[in-house]
Peer 1: 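Dropping the structure in here first, questions after.
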Amino acid sequence: MKNSRSARWRRRTLAAAGALLLGASVLTATAASAESDPREGAPAGYLDVPEITSNIELLATLPRVAPFDAPPGNFGFVNSDLAFTGDNAIVGNFNGFQVYDVSDPAAPTLRGSFVCPGGQGDVSVYGDLLFMSVEETRGRIDCGTQGAPGTVNLERFRGVRIFDISDIDHPVQLPGVQTCRGSHTHTLVTDPDDPANIYIYNSGTSGVRPAAELAGCENAALTQSPVTTGNPTQWRIDVIKVPLAEPGKASVVSQPRIFTDVATGAYNGLQNTLPGAQHPSGTNYSPLPNTNTCHDITAYPEIGLAAGACQGNGILLDIKDPANPVRLDAVSDPNFSYWHSATFNNDGTKVIFTDEWGGGTSARCRATDKPEWGADALFDIVGGKLQFASYYKLPAVQTTQENCVAHNGSIVPVPGRDVMVQAWYQGGLSVIDFTDTKNPKEIAYLDRGPINTPNPTGLNLGGYWSTYWYNGNVLGSEIARGFETLGLTPSPWMSANEIEAAGEIQQAEFNAQLQTKLEHAPSFAVVGAYVDQAERAGSLTPKAIEQVRKHLAEAEVLSGDGSANRAVAAQLDNAARKSGAAPGSDVAESIAALRALYS
């Protein structure tokens, strides 16, 4: 059986090899002394500002163009979240969405744009359907740009839009689902027992609409007194059911009160911080950690769990019945101003929550900001409960001209490790290894100096909203600069084999808030990744490493030139025998799995 590496990955490995020494020296200097971090003191600029990188390279930047372009800081045209389908990256925007062809990650192209204002434009895809969050009062049912004035306007749309993208060059809007607080973010949830439908967990964070505009909406004041009566729009999420055969008939099927105090029945059963309360920094909390909705929910249906970042709490949900999620646990932290988003590791045994202290528009990575403020909180999941392990915050100090705080990211599927790439707004992106949740480590980064237009001395909104791994590359939505593609490069912290093995995971579509189990097929890159990890950990002797690599290389050559399976198998047997790896170890298991292909 032929199992040689693809030409694409050969080219990437060879291209990256030249950057190995440079990347290693930069990162070594960074690790040696905070004062030597080259990100600090970077020159200001906008589209022409240089990148400061370690172990990752910028492949391409496509600046925003009309009708999605505007000076930095104009919220009507801000790039937001990302979703992926096939060779297409869909970039949400407060003015609609754009589609980029990423079939060649080094040379992406803008395929199309669809104007449909309403913010914040978070997007997700499922088959031929595109979903988009709309929360602003200017959003219209017809996607018009004239706005929807007045306190009550029956032409207004706030909720989840639905588009048919079977012809992605000509999207067709279908009837969407209106909600009482609009849609700030939404999460797709699949049910293995219900393949005819998909579910959406909708999180609305803006004001409650009047009942005259949308029946059933009921506003309530935030309070620390127990709320047990009425049907207030606060303290719940919306569950939308989308019939895949007739998506235009999507509707809200439940509004679970997942914050209820089970002992008292109070809807407002979790954090009820009121305006004026002080953050440990000595300033008022902003945004407010008051748990009356979720900001974002990440679902992992294969393990029956979801993690909710819900303003004042991080929560763990049982979603085996998607229409009726049940809270398993809730955690809070006075250092966290606003529980913003969540990411599971691939095994579903860990979760990273982010804190968007300052709301994403403020400088929160200054020298005076403690590492537990505006940071990630890492938890282990033990017996259905969240156990705190540590914090992680971007280690490079940013200026007062740079909006910076923890934001959106996704896992990088390196076999045997937990790795995440994450956006930090104008703090750039950071790639971290959180295999040991008590000791997360940065292993790659990209940053720029502050944006200096239109205000040359003030804070101009920009930076990465989201950075996600998709089919071998990091793809980023830059608020002001546009759409970017990046590639990891080998370093002492991430080998060429590990990068290649991660890239061998190919997905037909990807939504960061709908995680799926990623499983590596046996390959030479996977075996090589585990061998590299064994060398890094010192779990195999140098002599064993040398012998294993020798026989793996010979086996790969034989596989590539079409030699008999038995010849390849013999080399793999030699690799296994001379490795001295313990039975059941990653090295032994990966060699055995690859060997089975040549039986």
Side-chain angles (χ1 to χ4, degrees), residues 5 13 16-17 19-34 36 54-56 345-347 349-350 378 380 389-390 392 395 411-421 430-445 488-504 520 522-556 571-595:
R5 303 173 195 246
T13 301
L20 174 58
L21 293 179
L22 175 61
S25 65
V26 170
L27 198 146
T28 300
T30 301
S33 169
S36 67
S54 179
N55 308 323
I56 193 168
N345 70 332
N346 192 46
D347 291 337
T349 58
K350 307 166 186 174
L378 286 71
D380 296 308
S390 69
Y392 171 80
I411 62 169
V412 180
V414 177
R417 299 171 68 180
D418 295 319
V419 177
M420 177 181 177
V421 58
S430 181
V431 181
I432 64 170
D433 183 323
F434 66 104
T435 308
D436 178 357
T437 50
K438 292 186 180 298
N439 295 287
K441 300 181 185 302
E442 183 178 63
I443 59 176
Y445 62 74
L488 291 172
T489 58
S491 74
W493 291 266
M494 180 81 78
S495 71
N497 283 314
E498 290 174 303
I499 296 170
E500 180 169 347
E504 288 178 345
H520 290 87
S523 74
F524 285 101
V526 170
V527 176
Y530 284 125
V531 172
D532 295 341
Q533 291 166 19
E535 181 181 38
R536 196 179 292 124
S539 58
L540 294 182
T541 67
K543 180 64 174 178
I545 294 287
E546 178 184 357
Q547 289 296 309
V548 170
R549 285 179 174 153
K550 171 188 171 184
H551 289 295
L552 286 176
E554 292 175 356
E556 188 169 6
Q571 293 297 330
L572 293 173
D573 288 339
N574 285 335
R577 178 171 52 84
K578 294 183 180 180
S579 72
S585 67
D586 289 332
V587 170
E589 290 290 310
S590 62
I591 293 175
L594 184 59
R595 167 67 172 78

Peer 1: Which atom pair, heavy atoms only, marks the closest approach of A582 to A588?
Peer 2: O-CB, 3.5 Å
Peer 1: Does a side-chain heavy-atom distance below 4.5 Å link E554 with N574?
Peer 2: no
Peer 1: Give the minimum heavy-atom separation between S430 and E442, together with the two atoms involved.
Peer 2: OG-OE2, 2.7 Å
Peer 1: Mind checking whether R536 and S495 have side chains closer than 4.5 Å, heavy atoms only?
Peer 2: yes
Peer 1: Give, for atom NE2 of H520 and atom OG of S590, the distance between the pair rounded to the nearest 0.5 Å.
Peer 2: 11.5 Å
Peer 1: Do you know the tightest heavy-atom contact between R417 and E498?
Peer 2: NH1-OE2, 2.9 Å
Peer 1: Could you state the interatomic distance from CD (E556) to CZ (R549), rounded to the nearest 0.5 Å?
Peer 2: 13.0 Å
Peer 1: Quick one, L594 and L572 - any side-chain contact, counting heavy atoms below 4.5 Å?
Peer 2: yes
Peer 1: If you measure from CE on M494 to CG on N55, what distance do you get to the nearest 0.5 Å?
Peer 2: 9.0 Å
Peer 1: N497 vs V531, test: side chain to side chain contact (heavy atoms under 4.5 Å, CB included). Steps then yes/no.
Peer 2: CA-CA 9 Å; N497 283 314; V531 172; over 6 Å; no
Peer 1: Do you know the tightest heavy-atom contact between L540 and S579?
Peer 2: CD2-O, 3.4 Å
Peer 1: Give, for atom CD1 of I56 and atom OG1 of T489, the distance between the pair rounded to the nearest 0.5 Å.
Peer 2: 7.5 Å
Peer 1: Considering non-hydrogen atoms only, spot the tightest contact between F434 and I411 and give its length.
Peer 2: CZ-CG2, 4.4 Å
Peer 1: Looking at every heavy atom in both N345 and K350, which two are closest together, and how far apart are they?
Peer 2: OD1-N, 2.9 Å
Peer 1: Do I499 and P490 have side-chain heavy atoms sitting under 4.5 Å apart?
Peer 2: yes
Peer 1: In plain terms, say whether D380 and K438 are close enough for a salt bridge, that is, a side-chain N and a carboxylate O under 4.0 Å apart.
Peer 2: no
Peer 1: Could you tell me whether the side chains of D433 and T435 share a donor-acceptor contact shorter than 3.5 Å?
Peer 2: yes
Peer 1: Can you tell which of I443, L488, I432 makes a side chain to side chain contact (heavy atoms under 4.5 Å, CB included) with V419?
Peer 2: I443
Peer 1: Hey, could you give me the CZ/CD1 distance between F524 and I591, rounded to the nearest 0.5 Å?
Peer 2: 10.5 Å
Peer 1: Atom OG1 of T541 and atom CD of Q547: how far apart are they, to the nearest 0.5 Å?
Peer 2: 9.5 Å
